[in-house]
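Just so you know, these numbers use all the heavy atoms, side chains as well, and skip hydrogens, waters and symmetry mates. A, B, ... follow the sequence lines: proteins, then strands. Residue 1 opens every chain. Values in this document were obtained by computation on a predicted structure and should not be read as measured data.
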Protein chains: 2
Amino acid sequence: MSGFATALPAGRKRRGEGHTRREEILQAAKELFLEQGYDLTTIRRIADRVGISAPALYLYFKDKEALMLALCDQTFSHLSEAIDEIEKTVADPLERVRRFGEAYVRFGLSHPDEYRLVFLNPNIPEPLRRTGHRMPTDDPTAPGVGGALVFKRLVTIIGELDASGTKLNYPPDTCGELCWMGLHGLVSAFIMKPDFPWSNRDLLINGMLDVHLKGIVKA
Amino acid sequence: MSGFATALPAGRKRRGEGHTRREEILQAAKELFLEQGYDLTTIRRIADRVGISAPALYLYFKDKEALMLALCDQTFSHLSEAIDEIEKTVADPLERVRRFGEAYVRFGLSHPDEYRLVFLNPNIPEPLRRTGHRMPTDDPTAPGVGGALVFKRLVTIIGELDASGTKLNYPPDTCGELCWMGLHGLVSAFIMKPDFPWSNRDLLINGMLDVHLKGIVKA
DNA sequence: CCGATAAGTTATCAACGTTCAGTTAACATT
DNA sequence: AATGTTAACTGAACGTTGATAACTTATCGG
């Protein structure tokens, strides 16, 4: 047993100059997805950038969708780490919620393609669409669940806000859902209509956070 | 001058049994888009359902994107009519905003597929996505502006709220954007994750409206 | 009937995701 | 050192896609 899931047998040299072809592919795909979006990024172009043929890509990923989902999970784990950091360093529950919101929005805006794929993609190919966005699943290792887990953590944090004695205007679940919906609407709008003349971006982000934080806790 | 923009010269008979081929195409495309989404709906399948060949479709629409945009406008004109009704019957500015929000959410929830088509279709062709949904345009006859016009009307209504003397926490534009983003997040969430165990739907709708109305006007 | 034009066809294109069948490179064993 | 095995890879091809070109048919006014 190698203990090195996706690697070759130990000592084995590879064709390409890179050491882990899978990582090379992920990197190239990530660059291209970010440059041109999902649709315009073709398997052939990814392969070209890596320096291999298109079919070689299928040795590492079942299809284009699996490749993108692998990238999504990889990306969402970064957001999850940012939330870990907040939970470790921020004590005040209300401040935690705000910091979560800031991190969430920042993440969405700097990873629009991954955000789109996970949170607002109804046109995903059939097998993926059948399971919605995998939210109902309870297997955290399944591909594509990163977004759902992050959402659940916000609900948890707001639940702690309630437990810490802060009086809420709605049940904790409802507060969490409202807050997430607001942030999600904000991020979606920026992503889907980037050229629209929105008023100042930071004003909108802070405004959304203020509106929801004030609206959630009892006056 | 015929006054019948897309029609044939008066008295002219058509090949198909339908009277306006363009409408037939729109109807078939709408059904297929709603059944299978944008990507899975092919030009050939639309043509099949209408009973014509694929290239014939290009006699009526420049490309697949233009067809989609025509559908978007058609759908959103219905929402626009509902807003006309509110503006005619509701005098109080704050109440107008709330009623707008209710109508917007109701529209989204009762036309989830059309809403998806216009506001959260990330697999829309790249050139279309780059321009958002053409929100920046100021030509009201241009295709694809239906959603944008509705949004602008909210901003206008909130602007009147400001003009009527109610003090706002942010500029009217910003208030409108925040409010729309919140409602959009709400509708999107319900549409995209209908199976998620959300808390009570009406509680969330009213909660979102309360949160934003209270957050927008000065305490 | 005729010329014009609207409406539609077949044939075809390049590009896409993907699969197939075969080839090369690196190892373990003899 | 030759051999067999297998991972890694390639070129050619398949079936579809959106879209175009070139051509045909139907319907009209005159």
Can you tell me how far [atom2] of [N] sits from [atom1] of [X], to the nearest Å?
| X | N | atom1 | atom2 | answer |
| --- | --- | --- | --- | --- |
| B/I46 | D/dT17 | CD1 | C1' | 12 Å |
| B/I43 | D/dT17 | CD1 | P | 11 Å |
| B/L57 | D/dG18 | CG | P | 10 Å |
| B/L40 | C/dC16 | CG | C1' | 14 Å |
| A/F61 | C/dT18 | CZ | C1' | 16 Å |

Just to confirm, is there a sub-4.0 Å distance from OP1 or OP2 of [N] to any side-chain nitrogen or oxygen of [X]?
| X | N | answer |
| --- | --- | --- |
| B/R45 | D/dT16 | no |
| B/Y60 | C/dG8 | yes |
| B/R44 | D/dA19 | no |

Measure from the side chain of [X], starting at C-beta and using heavy atoms only, and say which of [options] lies closest.
| X | options | answer |
| --- | --- | --- |
| A/A56 | D/dT10, D/dA19, C/dT9 | D/dT10 |
| A/R21 | D/dC9, C/dT18, D/dA19 | D/dC9 |
| A/Y58 | D/dG18, C/dA11, C/dT18 | C/dT18 |

- Describe the nucleic acid contact of B/L59 in one word from base, sugar-phosphate, nothing, applying a heavy-atom distance below 4.0 Å. base
- Reckon A/S53 touches a base, only the sugar-phosphate, or nothing at all at heavy-atom distances under 4.0 Å? base
- Task: Using ring-ring contact (aromatic ring centres under 6.0 Å, His included) as the criterion, point out the one residue from B/F107, B/F151, B/Y115, B/Y104 that pairs with B/H184.
- Result: B/Y115
- Task: Applying salt bridge (charged side-chain N to carboxylate O under 4.0 Å, His left out), run through B/E35 and B/R49 and close with a yes or a no.
- Result: CA-CA 13 Å; B/E35 283 168 23; B/R49 181 166 296 203; 3.5 Å; yes
- Task: State whether the side chain of A/S110 and the backbone N or O of A/R106 hold a donor-acceptor pair below 3.5 Å, judged by distance alone.
- Result: yes
- Note on the structure: Rounding to 0.5 Å, atoms CZ (B/R45) and OG1 (B/T42) come to a distance of 4.5 Å
